[in-house]
Amino acid sequence: MAGRAARALSGRRGGALKIHRLGLRPKINCVTPQNILNADLHCHSVVSDGTLTPEALAERAQVNGVELWALTDHDEIGGQQRAAAAAKARGMHYLTGTEISVTFAGETVHIVGLGFDADNAELRQGLYNTRNGRRERAQEMSDGLAKVGIRGAYEGALKFVGNPELISRTHFARFLVESGVCKETADVFRKYLTEGKPGFVPHRWATLQNAVGWITRAQGVAVIAHPARYKFTPNEEYALFTEFKNHGGQAVEVVTGSHSAQEYVQYAETAIEFGLAASRGSDFHSPDESHTDLGTLPFLPGTLKPVWELLADRIQ
Ligand code: AMP
Ligand code: MN
Ligand code: MN
Ligand code: MN
């Protein structure tokens, strides 16, 4: 319901919202100016597993009406300067961003960092260490695929890689589609790249404590990305949110391309239960693969505190 109401508002809205609204305090139980800001704080470029450059993403975001943007490449901030410059050139406000891979309770969890100082040495080193090992993992994935008759997957995936430090499952998926093994990337994940499948290699990423610590000590805000995507029991999910808070985490993605309308409502309640601010982001990767485009999600429910309220001083 919140989504439909927000979409209706979006349709009626005229010119761009002014950023001074970020400084206003939200009223409870209504769609506030802060909440109807068209913020898109989650997407990927060729610096990780997206297919567009930071500049092309900035253009697409602007065309779609995004007012506050963040590029959040996986375990990598090499695209931040380009993204910030492109946002500035297009009159969009910008927050620094990344999406850190974490291992929690045996599962991979993603923690988005927003508004951090991109020159922070501890954060940079932490991200470097997290990226490290991707190449070796990719080689093992390729070996696993070779065992079921798919040869040359490592070299094939590399053709799709924009950043040699950031070879991901997505690049393998694109290669398997190109070589006709599957029709689309979602099928590749289902048949080859998820737990128990031939190309899946268990991997240990950063700890939750480290990822949240790196972000917050660099003056950023840590955000639990797309919580509905994890296969946790209710107890494990409770532990994730509790430990995340204890380590200094402050926000959760409520409205994301990975959530259904029902999940917006569910995680809006979780945000309130845990006293977390809320974020909004498409998780856009590619015009050919992503079903949610930049800046096209429903607005945040008005009952929630938008994450950008915590980051007013960090907006560029
Ligand atoms: P990696 O960090 O190498 O494990 O790759 C994770 C990335 O794979 C995610 O960020 C998504 O972009 C993509 N991905 C994961 N699961 C799926 C899926 N079921 N369908 C399509 N893409 C997926
Ligand atoms: Mn990705
Ligand atoms: Mn993710
Ligand atoms: Mn993502």
Side-chain angles (χ1 to χ4, degrees), residues 40-52 57 70-76 79 97-104 106-114 127 130-142 144-145 153-154 157-158 160-177 181-197 199-206 208 211 222-231 240 252-259 263 267 279-292 294:
D40 195 319
L41 305 178
H42 189 154
C43 67
H44 300 271
S45 75
V46 289
V47 173
S48 65
D49 61 348
T51 61
L52 300 184
L57 285 169
L71 170 66
T72 56
D73 279 310
H74 295 285
D75 309 321
E76 173 64 279
T98 186
E99 182 178 22
I100 306 183
S101 313
V102 158
T103 303
F104 181 84
E107 275 269 345
T108 299
V109 165
H110 286 169
I111 301 296
V112 163
L114 296 172
L127 292 174
T130 309
R131 289 195 297 276
N132 221 349
R134 274 187 179 267
R135 198 183 287 265
E136 207 175 316
R137 167 193 187 235
Q139 197 66 65
E140 288 178 42
M141 287 168 63
S142 185
L145 291 169
Y154 181 76
L158 271 184
F160 291 88
V161 165
N163 171 3
E165 284 184 25
L166 219 292
I167 180 161
S168 90
R169 283 185 291 162
T170 314
H171 302 114
F172 280 86
R174 289 181 187 140
F175 170 64
L176 265 62
V177 170
V181 175
C182 289
K183 258 207 171 112
E184 52 185 32
T185 52
D187 293 337
V188 185
F189 276 91
R190 214 173 13 253
K191 292 183 187 157
Y192 294 101
L193 300 180
T194 41
E195 197 160 355
K197 301 297 157 64
F200 183 81
V201 173
H203 192 74
R204 185 159 287 278
W205 303 104
L208 182 66
V223 186
I224 297 178
H226 43 62
R229 284 243 306 254
Y230 312 126
K231 294 182 185 70
L240 170 68
V252 57
E253 280 182 355
V254 171
V255 176
T256 117
S258 311
H259 284 183
E263 287 161 347
Y267 286 97
S279 192
R280 173 183 192 260
S282 57
D283 206 357
F284 181 80
H285 282 71
S286 163
D288 298 328
E289 297 164 13
S290 301
H291 56 82
T292 305
L294 285 156

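Below, all heavy atoms of this structure are taken into account, side chains as well, without hydrogens, waters or symmetry copies. We count ligands from 1, going down the list as the structure has it; atoms in each ligand are counted the same way.
Where the criterion is an N or O separation shorter than 3.5 Å, residue side chain and backbone included, S101 fails it with respect to ligand 1. Polar contact check, H110 against ligand 1: no nitrogen or oxygen pair lies under 3.5 Å apart.
For atom 4 (O) of ligand 1, the nearest non-hydrogen atom from the set R137, R190, H285 comes from R137.
Using a 4.0 Å cut-off between charged side-chain N and carboxylate O, R169 and D49 make no salt bridge. In summary, E76 and R131 engage in a salt bridge, as defined by a charged side-chain N under 4.0 Å from a carboxylate O. Taking a cutoff of 4.0 Å between a charged side-chain nitrogen and a carboxylate oxygen, E195 and K231 do not qualify as a salt bridge.
Expressed to the nearest 10°, the angle at the Mn ion (ligand 3) joining OE2 in E99 with NE2 in H226 is 100°.
Ligand 1 has at least one atom lying under 4.0 Å from a heavy atom of R134. Under a 4.0 angstrom heavy-atom cut-off, E289 registers as lying outside contact with ligand 1. Heavy-atom separations between T185 and ligand 1 are all 4.0 Å or longer.
In D49, the N, O or S atom that comes nearest to the Mn ion (ligand 2) is OD2.
With hydrogens and angles disregarded, a donor-acceptor distance shorter than 3.5 Å links the side chain of Y230 to the backbone of H110.
Not one N, O or S atom of H42 sits under 2.8 Å from the Mn ion (ligand 3). The distance from the Mn ion (ligand 2) to the nearest N/O/S atom of H44 is not under 2.8 Å.
Aromatic ring centres of Y267 and H259 lie closer together than 6.0 Å.
Atoms of ligand 1 found under 4.0 Å from any heavy atom of D49, numbered from 1 in the order shown, are 7 (C), 10 (O), 12 (O). Close approach to T170 involves these atoms of ligand 1, each under 4.0 Å from a residue heavy atom: 7 (C), 8 (O), 12 (O), 13 (C).
The number of heavy-atom neighbours closer than 6.0 Å to CD of E136, taken from other residues, nucleotides and ligands shown, is 12 or below.
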